[in-house]
Amino acid sequence: MEAFKIIYTVLGGLGIFFYGMKNMSEGLQSVAGDVVKTAINTITKNRVSAVIVGTLVTILVQSSSVTTVMVVGFVNAGLMNLTQAIGVILGANVGTTITGWIISIKIGKYGLLLIGLGIFPLLFGKTNKARQIGRILFSVGMIFFGLDIMSAAFKPLRTMPEFLDMISYFSAQNYSSYFACIIVGCILTVVIQSSSAMLGITMAMATSGVIEFHTAAALVLGENIGTTITALLASVGANVTAKRAARAHAIFNALGVLIVFSFFPIYVNFIDWVVPGAANLRNAAGEFENIAVHIATGHTIFNVTATIIFIPLLGILARVVTKITPDNGQKEQHHLVMLSDPSTMVAATALAQADLEMNKLKDIMGRLYALADELFLGDTKKSYSDLIIKAKDYESITDNIQKEVTIYTVKLMESPLSEKESIHARGILKEVDELESIADYIEKLVSYSERTPIKKMLKGEVREEFIKYYKEVKTFYEDTIKGASEAELDLSVVMRKSEQLRLTAESIRAKHLERISKGEFDALGALTYSDMIVALRKIRSHTQNVAHAYS
């Protein structure tokens, strides 16, 4: 009966801890979303800057798993190269050490106080930022409170003979026991999919006096290996480069643990020497009152030292994972792949990924327009059928991108977003829909050559009229897209130009009717030219809608 009580109490404390961690991460993402997005956008080929970005993002979102999954997604989409990805992942290992320091504060001492301080702005805050700050305070309180419950639940284990017999093997100070603890820490982290939760459980057990520092330190090393499973799972079904990034993470952590394991007793003694107060010194209540700080220090020294050592070796690590993960000899198409529910990702980085995917769509649009230029403005030697086939291929790609970005963004909008992020997400949905529609009409312009020989139909005054309008509509599209991308769009100018183009289309159609009445067009040619003007007018209309997407 006592064992059952311990189990459900630990599970309850773990549930509160998990809930607090999740909410704190979401609150931090909401408050620091712009900072995260800026950090991601500043990643360069400089390996040090990539490490710094990985550290910063992980500190802000309080989850190395979120950062590594995000990196795998960026690599899979072709938005980050392998060396950059490995640098960010190394930084994530440094950033995650902050979690250990947060939960090493005297467990339970401030939990209820922070819950009390956080609940009022969370429920009654007038601004989103105030509510999110309240949410963070409330969540940190839940973390401390959950750890306090777990710590209290573990205390009876100190005098339970059955547990002492079971734990005796893991508590021995020899290499077989150290290895067993590392394996247990790894397996449990894989099972619960959270190194932060396992670190919390380890600290709770250690603080309550159930396990000593050397056992806790070995468990933490195992947790460092177990946390790599998240990125490995995220890379399943991804492209070769994404698989390499995930495996680099696993190799880096496993190699670091192997090196420390080779001199583990010296490592434990060094931490005990660095941190004031013996780790295994019990207070009157039988608890190890200094051990939490020792665990946090050991976690930090391991991750920071390993990262510093590996920074100069990033190129070698990249070559190793490239060798053990060869490509299939075929050129891979980078595209947006829903590796996991995007609502679990950092909103700012998920939106940044969607933005970059939109750039791919705009690139395809440019290629579509280039085909239309060949048909109408150039002296192409390609057959009409070749141009049409290529245009249909490009249009099909825009359909796929529009579908993927829409699904991704809709799923993202199911998670809590700030007002600014919600506007951005809605803008993406509208813009991708409008751009796909424009692609449809450009493809139709090219495909009309299948119905009527364009060169024969467009001649003399008609050709001059059409080409002039075609160029004006294309320029309107390019200026609007550029202005929207650079956030320098004057909506009043766009509307004025759009109205001018609409009136021009009406004038052209009126002249066209006069020509038809005079018998200057055959029936099929008359229909085709009318449809081409309508297509240009529709492009004008959808371009105007793009300008409204983020307004």
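In this chain, residues are counted from 1 in sequence order. Just the heavy atoms: all of them, side chains too, but no hydrogens, waters or symmetry mates, feed the values below.
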- Does a salt bridge link Glu421 with Arg426, judged by any charged N lying under 4.0 Å from a carboxylate O?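 No salt bridge links Glu421 with Arg426.
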
- Task: Output yes when Glu357 and Lys360 qualify as a salt bridge under the 4.0 Å nitrogen-oxygen rule, no when they do not.
- Result: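 Salt bridge between Glu357 and Lys360, a charged N being under 4.0 Å from a carboxylate O: yes.
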
Test item: [X] side-chain N/O and [Y] main-chain N/O as donor-acceptor pair under 3.5 Å:
| X | Y | result |
| --- | --- | --- |
| Thr189 | Gly185 | yes |
| Asp363 | Asn359 | no |
| Arg244 | Thr325 | yes |
| Thr207 | Ala204 | no |
| Arg135 | Leu122 | no |
| Asn269 | Pro265 | yes |
| Thr409 | Thr406 | no |

- Query: What pairs with Thr228 under side chain to side chain contact (heavy atoms under 4.5 Å, CB included), at least two apart in sequence or on another chain?
  - Reply: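 With sequence neighbours excluded, Thr228 shows a side chain to side chain contact (heavy atoms under 4.5 Å, CB included) to Leu232, His249, Ala250, Asn253, given in chain and number order.
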
- Item | Stepwise side-chain contact (heavy atoms from CB on, under 4.5 Å) test for Thr227 and Val190 | CA-CA 7 Å; Thr227 192; Val190 169; over 6 Å; no

- Query: Should the pair Tyr267 and Phe264 be assigned to parallel (<30°), tilted (30 to 60°) or perpendicular (>60°) ring geometry?
  - Reply: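 Ring orientation, 0 to 90° scale: tilted.
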
Give the minimum heavy-atom separation between [X] and [Y], together with the two atoms involved.
| X | Y | result |
| --- | --- | --- |
| Leu199 | His299 | CD2-ND1, 3.9 Å |
| Arg247 | Ile324 | NH1-O, 4.3 Å |
| Ala354 | Ile428 | CB-CD1, 3.8 Å |
| Pro312 | Ile308 | CD-O, 3.3 Å |

- Message: So for atom CZ, which belongs to Phe263, do other residues, nucleotides or ligands contribute more than 12 heavy atoms lying within a distance under 6.0 Å?
- Response: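 Counting neighbours around CZ of Phe263, more than 12 heavy atoms of other residues, nucleotides or ligands fall under 6.0 Å, so yes.
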
- Query: Is it true that atom OH of Tyr175 has more than 12 heavy atoms of other residues, nucleotides or ligands lying nearer than 6.0 Å?
  - Reply: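 Yes, OH of Tyr175 has more than 12 neighbouring heavy atoms, counting only those of other groups under 6.0 Å.
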
- Message: For the CG atom of Asp272 and the OG1 atom of Thr297, what is their distance to the nearest 0.5 Å?
- Response: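 Result: 10.5 Å between the selected atoms.
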
- Message: Quick check for you: to the nearest 0.5 Å, what is the distance between Thr202 atom OG1 and Ile211 atom CD1?
- Response: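 Those atoms lie 6.0 Å apart.
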
- Are Lys243 and Val240 close enough, and set up right, to give a side-chain contact (heavy atoms from CB on, under 4.5 Å), and what steps lead you there? CA-CA 5 Å; Lys243 287 185 173 70; Val240 170; 5.6 Å; no

Hey, are the side chains of [X] and [Y] touching, using non-hydrogen atoms and a 4.5 Å cut-off?
| X | Y | value |
| --- | --- | --- |
| Tyr408 | Glu404 | no |
| Phe310 | Ile86 | no |
| Phe252 | Thr307 | yes |
| Val293 | Trp101 | yes |
| Asn224 | Val220 | yes |

- Candidate pair Ile301 and Phe270, rule side-chain contact (heavy atoms from CB on, under 4.5 Å), full reasoning: CA-CA 10 Å; Ile301 288 176; Phe270 175 71; 4.0 Å; yes

- Could you give me the CA-CA distance, side-chain angles and deciding distance for Asn290 and His294, then say whether side chain to side chain donor-acceptor pair (under 3.5 Å) is met? CA-CA 7 Å; Asn290 297 323; His294 281 72; 6.0 Å; no

- Message: Tell me which one of Ile187, Leu258, Leu221 satisfies side-chain contact (heavy atoms from CB on, under 4.5 Å) with Ile182.
- Response: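 So the option named by the test is Leu221.
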
- Thr97/Phe302 under side-chain contact (heavy atoms from CB on, under 4.5 Å): CA gap, chis, key distance, verdict: CA-CA 10 Å; Thr97 61; Phe302 169 75; over 6 Å; no

